[in-house]
Amino acid sequence: MSQVCHLEQQAKQGDANAQYMLALKYIEKDQLDKAFELALAAAKYGHREARFYIGNSLFYGRGIDIDQEKSIFWYLKAAQQGHLAAMMRVAQIFDYGCGQKEDKQEAAHWYSIAAKRGYVAAQSRLGDLYVSGQGVRQDEVQAFHWYLRAARSEGDAFINAMKVALCYEVGIGVRQNIEMGVRWYRIAAEKGHKDAAFYLGKLKRAIKRYYLATEKAHRGDPAAQYQLGRMFEAGILVNKNRGIALAWYQRAAKQGYEEAQFAINMIDELKVDNPFQVLSVQLEPSYVKLREKNIK
């Protein structure tokens with residue numbers, strides 16, 4: 001007896017695994033209508049993979065007319081049995097409102113389950129939701145946590161490496177660390193991200209300008225002092241610190257630099273007992289620590 005005949009006999013007896021295996025045989029022959037019938041029978045008996053297949057068939061119209069509203073029923077059945085791809089699909093359906101009313105909270109629920117089980121795409125999207133506060137309480141620390149987990153597991157992919165790099169560069173959910181930003185941009189570039197090399201080069205040039213401005217500012221250059229003030233006020237390459245920004249603005253203003261005086265006037269209700277005291281650490285700033293090899 002051939003394998004197909006054996007599967008057919010078992011399928012007629014209600015063997016869900018045989019029904020699904022036989023469905024796969026029909027898929028190979030591109031007989032999707034027969035494959036759907038057999039997979040549906042297996043799905044009704046509780047076969048997890050068959051349930052996911054039926055969900056896909058209804059969602060995309062494989063062997064049956066498209067019915068995205070019905071597809072969620074089978075995706076949910078498979079997801080509730082621990083099928084990771086089904087969990088992701090359920091999350092996406094609620095996330096983007098495909099055949100169902102958009103529900104970011106329900107999407108976040110399923111992304112979270114899949115993310116905790118190591119599904120990289122779910123980890124990445126869950127991070128996005130934490131950044132935006134959609135479906136979850138906005139939490140940049142959680143966002144960074146999931147971006148980093150995804151980046152460490154994404155293999156040859158690079159999108160999460162870019163997200164981690166940006167978090168380190170700007171200070172999203174993690175203390176700003178330009179050295180780590182450079183490292184992750186380099187990882188993304190090595191994996192082939194077209195923009196990573198551009199951002200890496202741009203960041204390195206900005207770092208060089210920062211150190212040059214720091215040296216000039218300590219030598220008394222008012223333009224450089226004003227530039228550092230702006231960087232600290234806005235958090236460009238350094239942790240945002242309006243106290244240090246004010247101190248540099250005041251140094252530049254004392255030399256008649258009009259833009260610095262205007263910047264001082266724009267800083268409201270800033271309480272700094274001795275703004276010049278904070279400048280003692282700025283020749284080799286604790287905010288940005290980079291090894292020489294990272295800025296060459």
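The stretch residues 23-36 participates, sequence neighbours left out, in these side chain to side chain donor-acceptor pair (under 3.5 Å) pairs: Gln3-Lys25. Every pair passing salt bridge (Lys or Arg N to Asp or Glu O under 4.0 Å) that includes a residue from residues 128-152 is listed here, sequence neighbours excluded: Arg125-Asp128, Asp128-Lys163, Arg137-Asp139.
In summary, the side chains of Asp221 and Gln225 do not present any donor paired with an acceptor at a separation below 3.5 Å, with no hydrogens or angles considered. For the residue pair Gln134 and Gln105, no side-chain donor N or O sits within less than 3.5 Å of a side-chain acceptor on the partner. For the residue pair Gln92 and Tyr111, no side-chain donor N or O sits within less than 3.5 Å of a side-chain acceptor on the partner.
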- request: Please report the C-alpha distance between Tyr53 and Ile27 in whole Å, then the side-chain angles of each, then the deciding distance to 0.1 Å, and finally whether the side chain to side chain contact (heavy atoms under 4.5 Å, CB included) criterion is met.
  value: CA-CA 11 Å; Tyr53 177 81; Ile27 292 170; 3.4 Å; yes
- request: Applying side chain to side chain contact (heavy atoms under 4.5 Å, CB included), run through Lys240 and Phe232 and close with a yes or a no.
  value: CA-CA 5 Å; Lys240 187 182 291 188; Phe232 277 102; over 6 Å; no
- prompt: Under the side chain to side chain contact (heavy atoms under 4.5 Å, CB included) criterion, do Gln250 and Ile264 qualify, and how do the steps go?
  reply: CA-CA 7 Å; Gln250 289 178 336; Ile264 292 170; 3.7 Å; yes
task: List the steps, then state whether side chain to side chain contact (heavy atoms under 4.5 Å, CB included) holds for Phe73 with Asp67.
output: CA-CA 11 Å; Phe73 172 84; Asp67 192 334; over 6 Å; no
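Cluster membership check: Ile178 shares its hydrophobic cluster with Tyr199, using side-chain heavy-atom separations under 4.5 Å among Ile, Leu, Val, Met, Phe, Trp and Tyr. The hydrophobic clustering, which links ILVMFWY residues whose side-chain heavy atoms are closer than 4.5 Å, places Leu38 and Tyr60 apart. If you chain together hydrophobic residues whose side chains sit under 4.5 Å apart, Ile113 and Phe52 fall into the same group. A single hydrophobic cluster is not seen to contain both Tyr20 and Tyr45; linkage of ILVMFWY side chains at heavy-atom distances under 4.5 Å, directly or through other members, places them apart. There is a path of hydrophobic side-chain contacts, each under 4.5 Å, that joins Ile207 to Val170.
Atom CD1 of Ile64 sits about 8.0 Å away from atom CD1 of Ile54, to the nearest 0.5 Å. If you take NE2 on His145 and SG on Cys167, they are separated by 13.0 Å, rounding to the nearest 0.5 Å. The CD atom of Glu69 lies 12.0 Å from the CZ atom of Phe59; values are rounded to the nearest 0.5 Å. To the nearest 0.5 angstrom, Glu169 atom CD is 10.0 Å from Leu200 atom CG. To the nearest 0.5 angstrom, Met162 atom CE is 5.5 Å from Tyr185 atom OH. Rounding to the nearest 0.5 Å gives a distance of 11.5 Å between NZ of Lys101 and CZ of Phe94.
Residue Gln81 places its CD atom among more than 12 non-hydrogen atoms of other residues, nucleotides or ligands, all under 6.0 Å distant. For Gln80, the CD atom counts as densely surrounded, since its 6.0 Å shell holds more than 12 non-hydrogen atoms of other residues, nucleotides or ligands. Sparse packing is recorded around NZ of Lys77, with 12 or fewer heavy atoms of other residues, nucleotides or ligands lying under 6.0 Å away.
At least one donor-acceptor pair under 3.5 Å links the side chain of Gln19 to the backbone N or O of Ala42. Formation of a donor-acceptor pair under 3.5 Å by the Lys191 side chain with backbone atoms of Gly155 is found in this model.
Minimum interatomic distance between Ala114 and Ala122 (heavy atoms only, all atoms of both residues): CB-CB, 3.6 Å. Here the closest non-hydrogen pair linking Glu154 and Asn160 is OE1-ND2, 3.0 Å. Across every non-hydrogen atom of Ser124 and Ala150, the tightest pair is N-CB, 4.1 Å. Considering all non-hydrogen atoms of both residues, Pro222 and Ala252 come closest at O-CB, 3.4 Å. Contact between Ala108 and Leu126 at its shortest, heavy atoms only, is O-CD1, 4.0 Å. The minimum heavy-atom distance between Ala213 and Leu228, with the atom names listed, is O-CD1, 4.0 Å.
Taking the side chain as every heavy atom from C-beta outward, Asp95 and Trp110 never approach each other to under 4.5 Å. Gln100 is not listed as a side-chain neighbour of Glu106, based on a closest heavy-atom distance of 4.5 Å or more. Between Val131 and Tyr147, some side-chain heavy-atom pair lies under the 4.5 Å cut-off. You'll find the side chain of Ile72 reaches within 4.5 Å of the side chain of Val90, heavy atoms only. Taking the side chain as every heavy atom from C-beta outward, Tyr226 and Arg230 approach each other to under 4.5 Å. For the pair Arg183/Glu179, a side-chain contact is recorded, criterion being any heavy-atom separation below 4.5 Å from C-beta on. Val120 places a side-chain heavy atom less than 4.5 Å from the side chain of Gln123. At a threshold of 4.5 Å between non-hydrogen side-chain atoms, the residues Phe158 and Ile187 do not count as touching.
Because its NZ or CZ atom is not both nearer than 6.0 Å to the ring centre of Tyr75 and within 45° of the ring axis, Arg51 does not count as a cation-pi partner of that residue.
Under the 30°/60° scheme for interplanar angles, the aromatic rings of Trp248 and His218 are found to stand perpendicular.
For Trp146, the side chain to side chain donor-acceptor pair (under 3.5 Å) partners are Gln142, not counting sequence neighbours.
The distance between the ring centers of Trp74 and His83 does not fall below 6.0 angstrom. Here Tyr168 and Phe144 bring their ring centres to under 6.0 angstrom of each other.
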